[in-house]
Amino acid sequence: MSQIEYTNVMDTPNPSGSDAGLSGSSLLSDIDTPADLRLLELQDLPALAQELRDFLIDSVSKTGGHLAAGLGTVELTIALHYVFNTPDDRLVWDVGHQTYPHKILTGRRDALHTIRQSGGLCGFPTRDESEFDTFGVGHSSTSISAALGMAAAAAEQKISREVIAVIGDGAMSAGMAFEALNNGGELDANLLVILNDNEMSISSNVGGMSNYLARIMSGRTYSKARQGSKSILSRMGPMWKLAKRTEEHMKGMIMPGTLFEELGFNYIGPIDGHDINTLVKTLQNMQQLEGPRFLHVITRKGKGYAPAEADPCTYHGVSPFDIETGESIKPPSAVPGYSSIFGQWLCDMAEQDERLAGITPAMSEGSGMVEFSERFPDRYYDVGIAEQHAVTFAAGMAVDGMKPVVAIYSTFLQRAYDQLIHDVALQNLPVVFAIDRAGLVGADGPTHAGAFDLSFLRCIPNMTIMAPSDGNECRKMLTTAYGMETPAAVRYPRGSGPAVEIGPDLDQIEIGKANVRREGRHIAILAFGSMVHTALEAAEELNASVIDMRFVKPLDETLILKLALENDLLVTLEENTIKGGAGSAVAEFLAASQVVTPLLLLGLPDEFIEHGDTATLHAECGLDPAGVTKAIRNVLPANLARSTEYA
């Protein structure tokens, strides 16, 4: 059978288990590259899919990681590598949560147990790891733009290759995806966009008739007839308009593709993303076409593992778990996490002030907003993966009297920088930014690390920036930020802080006022946020003073001047890049005050920090107590270094 021959694959047997293909043998263990995959017969692929799914569940149950999204893309991943000549054909994934099956099939099967660990595989596609990872990702909605760029580069260089972007349904809520689609249709690029849609609301469109229509409309015969009719009718104005309108209405009755057609894409689908025969046949048909093409695939997140199918949000990212029960085997922390503290504060404040509105760009669970969404549904806004819109939406609410709180990860706030400056700060609007995942984030690596927010926030006029050292401080700072009539940000790390009692009251703190945590001699450590307790440990050996600075902007300038005059060395300590961070703010202030004192800036180095255990990464960056102590000893003035007090 040729690749463009049409058969009703719904009538083709769909074997599974030991009845498929190479009966009783292990298919997955023989696949080290997609070239090995392409040696299999089509009838072998369902059995391979089952093996791949079982392997993925077993591996992630031991290591933790992203699970539900990958389970939903098993058949699609196999079909893509089976049909296309990767890596010569470019396969661009969106985000990366869905790429564990891709990693397994592209030479990394035996290393999957190292994923998200120091020195192990990255949890996302990265170009340094494999030639099959054509574009590094971590933030969503970038795949179509990147793939379009690759398609344009191939055209410029007269290279014949396929370029395929696989984008998740949530990522389609971002404006960037539609910007790329608009440009792709205009360029008439040789690009295939695959929408991996796991929303159940349109699952009724999936079935034999839909699959059959998709295969017919993706075929060369239909395409030639369509193009031929277009050529003839385009010279007959009224007839062309009637024919085009008729085609759009016919498509609109059976599939939701009119929008993509209007953008210049040949839309096919939706088809069942777990019917591997239909996937392969449709992709083979679309491979024969040229220009912008759009394939709509329906999948089920968590497919093949009952707990993940029942609760795909919980199983999006998991810690090690028991396969039989689906329950985590990692004991829960006795200390509430910062996200949980924020969520409780949000509910408490909402009870006190009906003007409060909570906004999230598709991170309700991660940001601790589930309870708020249930208790205050009329004041809860999940705007989708649309950070730019989230910030300007908040600004609009603030203009007309609401008090919006934007819960956002540090790494995602980067995507809304213009809106932060132009729409919020320039107009001096009272928007609160609850910035989660500040600093290093461990296993998620550099794409998700909040390494830059202090640097990019503090240079913005009208912005107040706070960094809590524990959960109780976090609650007070959120209340303080909410009470202001100007923009304010509270940035806090992933996970839990020190074990402290968190009061129920909605107390505020004095703006710009630091807190002296330890009195010492000769050395003063100005610590920000998560680094306060690291500083306290280091100070025990050095007999140093420790100041919980609390505010990055405005600084407690009076206290800084006093400390500069009383000590032989000032040290700033932050979990942010040193470049332009809180330490830079202190240095700038001292320079402007014409105060000359030895100053040591400690923070994240000028490089991207790879994934791994957070404590290990802190140690590698010199941000653990031992590293801080060593760095300070290395720069002590000679008279102090000789002192027995510091020996």
Side-chain angles (χ1 to χ4, degrees), residues 9-10 14-17 19-20 27-28 31 37 42 44-61 63-83 93-105 109 112 115 123 166-172 194-208 210-211 214 269-283 295-318 321-326 365:
V9 297
M10 297 304 293
N14 187 21
S16 62
D19 295 329
L27 300 172
L28 185 60
I31 296 175
L37 168 63
L42 179 61
D44 297 322
L45 300 187
L48 174 64
Q50 185 61 53
E51 288 186 30
L52 179 52
R53 185 168 274 111
D54 291 343
F55 181 89
L56 178 59
I57 295 169
D58 181 69
S59 182
V60 175
S61 74
T63 64
H66 295 106
L67 180 64
L71 290 174
T73 61
V74 167
E75 287 83 5
L76 177 60
T77 305
I78 292 172
L80 286 167
H81 283 296
Y82 188 74
V83 172
W93 294 93
D94 214 278
V95 184
H97 301 140
Q98 56 189 338
T99 59
Y100 285 26
H102 163 79
K103 288 177 181 280
I104 294 169
L105 294 175
R109 177 189 64 243
L112 195 68
I115 201 160
V166 184
I167 185 167
D169 60 316
M172 288 298 295
I194 298 177
L195 171 60
N196 172 32
D197 186 343
N198 53 35
E199 285 292 320
M200 300 303 292
S201 61
I202 57 175
S203 60
S204 59
N205 290 329
V206 177
S210 180
N211 288 341
I271 65 172
D272 185 350
H274 301 299
D275 183 337
I276 202 162
N277 292 310
T278 293
L279 279 171
V280 168
K281 294 295 185 182
T282 304
L283 288 171
L295 176 61
H296 189 168
V297 174
I298 306 294
T299 63
R300 183 167 186 176
K301 202 169 185 179
K303 173 71 173 177
Y305 183 56
E309 287 188 18
D311 190 359
C313 288
T314 297
Y315 285 86
H316 170 75
V318 295
F321 62 93
D322 181 276
I323 294 178
E324 294 299 320
T325 65
E365 290 82 7

Would a 4.5 Å heavy-atom cut-off, applied to side chains only, mark Leu42 and Lys281 as touching?
yes
Correct closest heavy-atom pair for Gly273 and Thr299 would be CA-CG2, 3.9 Å
CG (Asp275) and CD1 (Ile298) are apart, to the nearest 0.5 Å, by 13.0 Å
Is any side-chain heavy atom of Ile104 closer than 4.5 Å to one of Leu112? yes
Taking C-beta and beyond as the side chain, do Leu27 and Leu52 meet within less than 4.5 Å on heavy atoms? no
(message) With heavy-atom distances below 4.5 Å as the criterion, would you say the side chains of Leu28 and Leu105 are in contact?
(response) yes
query = Do we see a donor-acceptor contact under 3.5 Å between the side chains of Asp272 and Thr278?
reply = no
So does Gly326 get a backbone contact from the side chain of Tyr315, meaning a donor-acceptor N/O pair under 3.5 Å? yes
On the 0 to 90° scale, with breaks at 30° and 60°, tag the His66-Tyr100 ring pair as parallel, tilted or perpendicular.
-> perpendicular
Query raised in the report: Do side-chain atoms of His274 reach the backbone of Arg300 as a donor and acceptor pair under 3.5 angstrom?
Result: yes
Tyr305 and Asp322 have their tightest heavy-atom pair at OH-O, 3.7 Å
When every non-hydrogen atom of Val60 is compared with those of Gly65, the smallest separation belongs to CG1-N, 4.0 Å
Note to self: Would Tyr82 and Leu48 count as a side-chain contact (heavy atoms from CB on, under 4.5 Å) here? Give the steps.
What the structure shows: CA-CA 12 Å; Tyr82 188 74; Leu48 174 64; over 6 Å; no
Heavy-atom closest pair (Val74 atom, Ala49 atom, distance to 0.1 Å) is CG1-O, 3.5 Å
**Prompt:** Do Gln98 and Lys301 have side-chain heavy atoms sitting under 4.5 Å apart?
**Reply:** no
(request) With the side chain counted from C-beta on, respond yes when Leu80 and Ile194 share a heavy-atom pair under 4.5 Å apart, and no when they do not. (result) yes
Between Thr99 and Gly123, the two heavy atoms sitting closest are OG1-O, 4.5 Å
In this structure, OG1 of Thr314 is separated from CG of Leu67 (nearest 0.5 Å) by 11.5 Å
For Leu56 and Gly70 the tightest heavy-atom approach is CD2-C, 3.9 Å
Taken to the nearest 0.5 Å, the spacing of Ile276 CD1 from Leu45 CG works out to 4.5 Å
Interatomic distance, CD1@Ile31 vs NE2@His81, rounded to 0.5 Å, equals 11.0 Å
Check: Taking Ser59 for the side chain and Phe55 for the main chain, is one N or O donor matched with an acceptor at less than 3.5 Å?
Finding: no
CZ of Arg53 to CG of Asp58, rounded to nearest 0.5 Å, is 14.5 Å
Glu75 (side chain) donor-acceptor with Leu279 (main chain) under 3.5 angstrom:
no
Problem - Non-hydrogen side-chain atoms of Asp197 and His296 separated by less than 4.5 Å - result: yes
